[in-house]
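Everything numeric in this text was worked out from a predicted model, so none of it was measured. Chain letters run A, B, ... following the sequence lines, proteins first, then strands; residues in each count from 1.
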Amino acid sequence: MSPSGQSGRRDPGPAVAGVALTHPERVYWPASGDAGPVTKQDLARYLERVAPRLLPAIAGRPLTLLRAPERIGGERFVQRHAARGLSPLVGTVRLRGEEKPLIQVDTPEALVALAQSGVLEIHPWGARGARLAQPDRMVLDLDPAEDLSFDSVVAAALALRERVLALGLAPFCKTTGGKGLHLVVPLAPGARWDRLHAVAAAICEDLAREAPQRFTTQSALAGRDGRIFLDFQRNARGASAVAPWSPRARPGAPMAMPLDWAEVTEGLDPRRFTIATAPARLETPDPWAGMEEAARPLPPASKLR
DNA sequence: GACGCAC
DNA sequence: GTGCGTCAACGCACT
DNA sequence: AGTGCG
Ligand SMILES: [Mn+2]
Ligand SMILES: [Mn+2]
């Protein structure tokens with residue numbers, strides 16, 4: 001018998017961070033291998049817990065969301081605009097050149113509201129706050145062909161790291177929750193999208209030119225077999241890359257984990273970072289804690305090959 | 001998942 | 001009150 | 001203009 005007596009109002013489920021969840025036992029990620037199932041309530045609690053590290057990476061940024069309200073194997077779609085139906089806890093931002101307001105999330109409550117809406121991945125833009133027209137991050141995305149070892153991705157990340165350092169920039173590394181790695185480079189205010197795109201292209205094309213048997217910068221799947229695709233196309237207005245601490249809508253509930261460069265070595269296994277295991281890392285220092293202070297201006301074109 | 005509308 | 005249809009993105013490379 | 005990609 002419902003406490004609401006004869007009212008036909010639906011029982012509001014348990015709350016996380018004060019936000020009610022319907023169907024809290026909905027299984028978003030079925031059990032897979034070692035990993036147990038992950039329910040909507042599990043996701044909400046995860047997001048609330050990791051908010052201190054997730055929110056700094058997404059606050060003030062327009063977001064592209066991947067939603068799969070049934071489960072990871074069900075219908076999925078991306079959402080960039082704040083349509084009717086998104087919780088009022090979720091923020092919005094109007095941007096010149098955009099017809100409709102974009103999505104922003106700055107609070108733990110809004111994160112829980114995303115879980116309620118079936119948002120399984122969070123992808124922020126590379127610009128934020130008062131300077132939405134200017135990029136403040138470079139992202140270099142390493143996508144290995146099938147059958148390449150993760151050690152080969154590690155080697156590629158270390159090679160790219162050296163080239164980024166040589167330009168006077170400070171790269172950070174994270175797993176993506178998939179088969180690759182991201183280098184994330186904080187940029188000082190004043191960067192431009194066209195310059196950023198050119199610098200990212202130069203870094204990746206330079207490496208691909210020196211070892212064409214190992215790397216490619218072509219997105220076409222043909223020509224990628226046996227190689228690592230160095231994807232610099234995340235560095236454009238409106239493009240996004242998965243947030244650190246974001247879950248991925250893939251079997252096993254993996255997530256994107258920030259790494260210390262000391263961890264980016266042979267034997268690194270990104271599959272060990274999941275919604276279930278990641279919160280333990282909150283007890284250790286944040287390897288990305290120095291990112292804001294590490295922001296540097298893009299190098300002049302004369303420093304590129 | 002949320003909403004508007006037909007029934 | 002219930003059921004059903006509808007909606008929920010886009011930039012870039014390549015051809 | 002249409003397709004593939006992320
Ligand atoms: Mn990737
Ligand atoms: Mn549905």
Notebook entry, point to check: How many Å lie between CD on Glu70(A) and C1' on dG1(B), as a whole number?
Noted result: 9 Å

Margin query: Whether Arg26(A) contacts dG1(B) is assessed here as follows: a side-chain N or O lying under 4.0 Å from the phosphate OP1 or OP2. Is that the case?
Written below: yes

Check: Of the nucleotides dC10(C), dG6(D), dC14(C), which one has an atom closest to the side chain of Gln218(A)?
Finding: dC14(C)

Margin query: Rounded to whole Å, how long is the line connecting atom CD of Gln79(A) with atom P of dG1(B)?
Written below: 14 Å

Margin query: Between Arg76(A) and dA9(C), is there a contact of a side-chain N or O with OP1 or OP2 at under 4.0 Å?
Written below: no

Margin query: The criterion is side chain to side chain donor-acceptor pair (under 3.5 Å); which residues satisfy it with Thr274(A), sequence neighbours excluded?
Written below: Thr277(A)

Next item on the list: Provide the distance between the two P atoms, one in dG1(B) and one in dG11(C), to the nearest whole Å.
Entry: 29 Å

Checklist line | Asp206(A) side, atom CG; Arg163(A) side, atom CZ - distance, nearest 0.5 Å | finding: 4.5 Å

Notebook entry, point to check: So, is His81(A) near the phosphate of dA9(C), with a side-chain N or O under 4.0 Å from OP1 or OP2?
Noted result: yes

Notebook entry, point to check: Using the C1' atom in both, what is the distance from dC7(C) to dG6(D), to the nearest Å?
Noted result: 23 Å

Check: dA13(C) P sits how many Å from Asp231(A) CG, rounded?
Finding: 11 Å

Next item on the list: Could you work out the separation of dG4(B) and dA8(C) based on their P atoms and round it to a whole Å?
Entry: 14 Å

Next item on the list: Classify the side-chain pair Asn235(A)/His197(A) by whether it contains a donor and acceptor separated by less than 3.5 Å.
Entry: no

Notebook entry, point to check: Arg234(A) has an atom CZ; how far is it from atom P of dA13(C), in whole Å?
Noted result: 11 Å

Notebook entry, point to check: Strictly by modelled atom types, are His23(A) and Glu25(A) linked by a side-chain donor-acceptor pair under 3.5 Å?
Noted result: no

Margin query: Side chain of His197(A) only, heavy atoms from C-beta on: which candidate in dC12(C), dC14(C), dG6(D) is closest?
Written below: dC12(C)

Check: Among dA8(C), dA2(B), dA9(C), which is the nearest nucleotide to the side chain of Ala83(A)?
Finding: dA8(C)

Next item on the list: Can you tell me the pairing partner of dG1(C) across any strand shown, Watson-Crick or G-U wobble, with both distances under 3.5 angstrom?
Entry: dC7(B)

Next item on the list: State, to 0.1 Å, how close Pro135(A) and Trp193(A) come at their nearest heavy-atom pair, and which atoms those are.
Entry: CB-CZ3, 3.4 Å

Notebook entry, point to check: Choosing from dC10(C), dG11(C), dA8(C), which nucleotide comes nearest the side chain of Ala236(A)?
Noted result: dG11(C)

Item checked: Atom-to-atom span, CG of Leu66(A) to C1' of dG6(D) - whole angstrom -> 11 Å

Checklist line | Nucleotide opposite dG1(B) in a Watson-Crick or G-U pair, distances under 3.5 Å | finding: dC7(C)

Margin query: Could you tell me how far apart Leu65(A) (CG) and dA9(C) (P) are, to the nearest whole angstrom?
Written below: 10 Å

Notebook entry, point to check: Between Gln233(A) (CD) and dA9(C) (P), how many Å, whole number?
Noted result: 22 Å

Note to self: Let's see if you can work this out: which of dG1(B), dG6(D), dC12(C) has an atom nearest to the side-chain heavy atoms of Arg224(A)?
What the structure shows: dG6(D)

Item checked: His81(A) and Glu99(A): CA distance, side-chain angles, deciding distance, side-chain hydrogen bond (donor to acceptor under 3.5 Å, both in side chains) verdict -> CA-CA 9 Å; His81(A) 301 114; Glu99(A) 302 267 337; over 6 Å; no

Next item on the list: May I ask you to verify whether the side chain of Glu75(A) and the base of dA8(C) hold a donor-acceptor pair under 3.5 Å?
Entry: yes

Notebook entry, point to check: For the pair made of CG in Leu95(A) and P in dC10(C), what is the distance, rounded to whole Å?
Noted result: 12 Å

Notebook entry, point to check: Any donor and acceptor pair, going by atom type alone, linking the side chain of Lys40(A) with main-chain N or O of Thr22(A) inside 3.5 Å?
Noted result: yes

Next item on the list: For Arg128(A) and Glu292(A), run salt bridge (charged side-chain N to carboxylate O under 4.0 Å, His left out): C-alpha distance rounded to whole Å, both residues' side-chain angles, the deciding distance at 0.1 Å, then the answer.
Entry: CA-CA 13 Å; Arg128(A) 66 173 151 176; Glu292(A) 298 309 325; 2.7 Å; yes

Notebook entry, point to check: Which parts of residues 112-126 of chain A get close to DNA chain B, meaning a heavy atom less than 4.0 angstrom away?
Noted result: Gln116(A), Ser117(A)

Notebook entry, point to check: Out of dG1(B), dA9(C), dC12(C), which nucleotide sits closest to the side chain of Pro69(A)?
Noted result: dG1(B)

